[in-house]
A.B. asks: 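This is the structure, below, for whatever I ask next.
Remember, predicted model here, so these are calculated numbers, not experimental data.
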Number of protein chains: 2
Amino acid sequence: MRVLVVEDDPELQVAVPAALRSAALAVDLAGTIADADEALFVNAYDCVVFDRMLPDGDSIGYVRSRRQDGWAVPVLFLTAMDQLADRVDGFEHGGDDYLVKPFAVEELIVRVLSLSRRGPTIRPPILRYADVELDTGRREVRRGGVLVTLRAKEFSVLEFLMSRPEQTISRTDLIEHCWDAAADPMSNVVDVTITRLRARLRGGPDLIQAVRGRGYRLIQPSGAQS
Amino acid sequence: MRVLVVEDDPELQVAVPAALRSAALAVDLAGTIADADEALFVNAYDCVVFDRMLPDGDSIGYVRSRRQDGWAVPVLFLTAMDQLADRVDGFEHGGDDYLVKPFAVEELIVRVLSLSRRGPTIRPPILRYADVELDTGRREVRRGGVLVTLRAKEFSVLEFLMSRPEQTISRTDLIEHCWDAAADPMSNVVDVTITRLRARLRGGPDLIQAVRGRGYRLIQPSGAQS
DNA sequence: AATTCTGTGTCATCGAAATGTCATCGTCAC
DNA sequence: GTGACGATGACATTTCGATGACACAGAATT
């Protein structure tokens, strides 16, 4: 779990990351809102610890505006102002928790862990065609419910075909999407990979049709074509 | 938003619901853990406010056991014991926040609103996969009930894998979530950490599968291959 | 302050598995 | 029939992951 700490007080710049690292969290540090913004752009964090007052402004304003764009990473505010009005302010603008300085490091750790745990668990999509299911997250393919293990290239080609069912895909397109720049467009790698893919999917009719001079496409052999 | 308040003190039985209703929350009241259990069975709540000490026991025990079954509704504990050890204890067993009595009603409202908004998206504090248990609070891992001691990085990687069981996780994702910005994405730290993790978990079949060219994932080796 | 210990990162090497190449065969369209 | 294109088996090459040994930093201990 990775956390961004945004803090300008030199003492806390040392203490807070140290405390969080002791809880096996990976910690990055930023000193200003501008720095934090850049770090948030570059990396994926599970939680952000924001000092309220920073050299370039009040962090609540920043968080508020990011929330407007749907930014959802949990935030813990560290604040020296312990008036209740300010606390309410912090929550109402999308922050998820706050801690009043001075605080016990154990408490900080507990709260950050609690916030980090609620990560957005997004389900990667599952592609289907005929009796073939391709689970992009698990990198698994099933035919008629039976698990079929594919090589990386084979998977990648099938994924591309399944994302455009019944469209004819040229060898060039396949090379461009499934191979890197080093691939030789003149070779017959695509043909070979298609052959291997067919061999793996021998659990039903051949769904991969060669379109002479054009490329390949997925098609159900029973269905009529144009 | 609907909230269940579990409280036996007659004074608070009046004051707490009144305060929450003033914030436009729908409030139900229970006086014992048994009553609460029934109410939770019948209705869906966005948040539960639990007094720590109730006539039929300490509510932490109840919450802890419900969490084991994946129950995820946010809980706010009201506690008279303000020692930090107790606070940490409350969190580590799946509670999401606590408030020390006596408290300001405004603060109660703020916290309940925050928890309700957060929704039941928190993950249960103990992750399980096959015969491996990972306690995020205690930072302990058990395989087949046997305690396995892990290094911080190893724990962190396992936690991330276990939070997305059977999903293939790229080295990049692992670096981003388990290492800080100083990590070199080109190095093979991830591979080495995986090797070490496997070595520690040698108490059963290898659950960590390398997916060539993509990353790693947790999988039960029972699945047949072709 | 010096020393040991512990955790973590780096590097080099090994070996297996994935993938590309090539030669040959089959087949489809005209 | 024939010429071009696709299919396929055998083989060569490359890549990638696993791992042992070592290096280094910081914490703990003396």
A.B. asks: So, using side-chain contact (heavy atoms from CB on, under 4.5 Å) as the criterion, who are the partners of A:Asp131 when residues are at least two apart?
C.D. replies: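 side-chain contact (heavy atoms from CB on, under 4.5 Å) check on A:Asp131 returns A:Arg143, A:Leu207.
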A.B. asks: Just compare C:dC22, C:dG20, C:dA29 and give me whichever is closest to any side-chain atom of A:Arg212.
C.D. replies: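 Nucleotide nearest to A:Arg212's side chain: C:dA29.
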A.B. asks: Can you find an N or O donor on one side and an acceptor on the other, under 3.5 Å apart, linking the side chain of A:Arg196 with the base of C:dG20?
C.D. replies: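 Side chain to base: pair present.
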A.B. asks: Base of D:dG17, side chain of B:Arg171 - is there a donor-acceptor contact under 3.5 Å?
C.D. replies: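 There is none.
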A.B. asks: To the nearest Å, how far apart are A:Asn188 CG and C:dT19 P?
C.D. replies: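 In whole Å, C:dT19 P lies 15 Å from A:Asn188 CG.
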A.B. asks: Inspect the surroundings of CD in A:Glu38 and state if more than 12 heavy atoms from other residues, nucleotides or ligands are less than 6.0 Å away.
C.D. replies: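 No - once you tally the heavy atoms of other residues, nucleotides and ligands closer than 6.0 Å, there are 12 at most.
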A.B. asks: It should be established whether A:Trp179 places a side-chain nitrogen or oxygen under 4.0 Å from OP1 or OP2 of nucleotide C:dT19.
C.D. replies: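 Answer is no, no contact under 4.0 Å.
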A.B. asks: On the nucleotide D:dA7, are OP1 or OP2 found under 4.0 Å from the side-chain N or O atoms that A:Tyr216 carries?
C.D. replies: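 Yes, because at least one side-chain N or O of A:Tyr216 sits under 4.0 Å from OP1 or OP2 of D:dA7.
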A.B. asks: Both B:Arg214 and A:Arg214 contact DNA chain D. Taking the nearest nucleotide for each, which residue is further toward the 5' end?
C.D. replies: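 Comparing both residues, the 5'-ward one is A:Arg214.
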A.B. asks: Tell me if the CZ atom of A:Arg198 is crowded by more than 12 foreign heavy atoms within 6.0 Å.
C.D. replies: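 For A:Arg198, atom CZ is crowded (more than 12 foreign heavy atoms under 6.0 Å).
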A.B. asks: Does any N or O donor sit under 3.5 Å from an N or O acceptor when you compare the side chain of B:Asp191 with the base of C:dT10?
C.D. replies: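 No, the side chain and the base share no sub-3.5 Å donor-acceptor pair.
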A.B. asks: Would you say the side chains of B:Gln167 and B:Arg217 form a donor-acceptor pair under 3.5 Å?
C.D. replies: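 No donor-acceptor contact under 3.5 Å links the two side chains.
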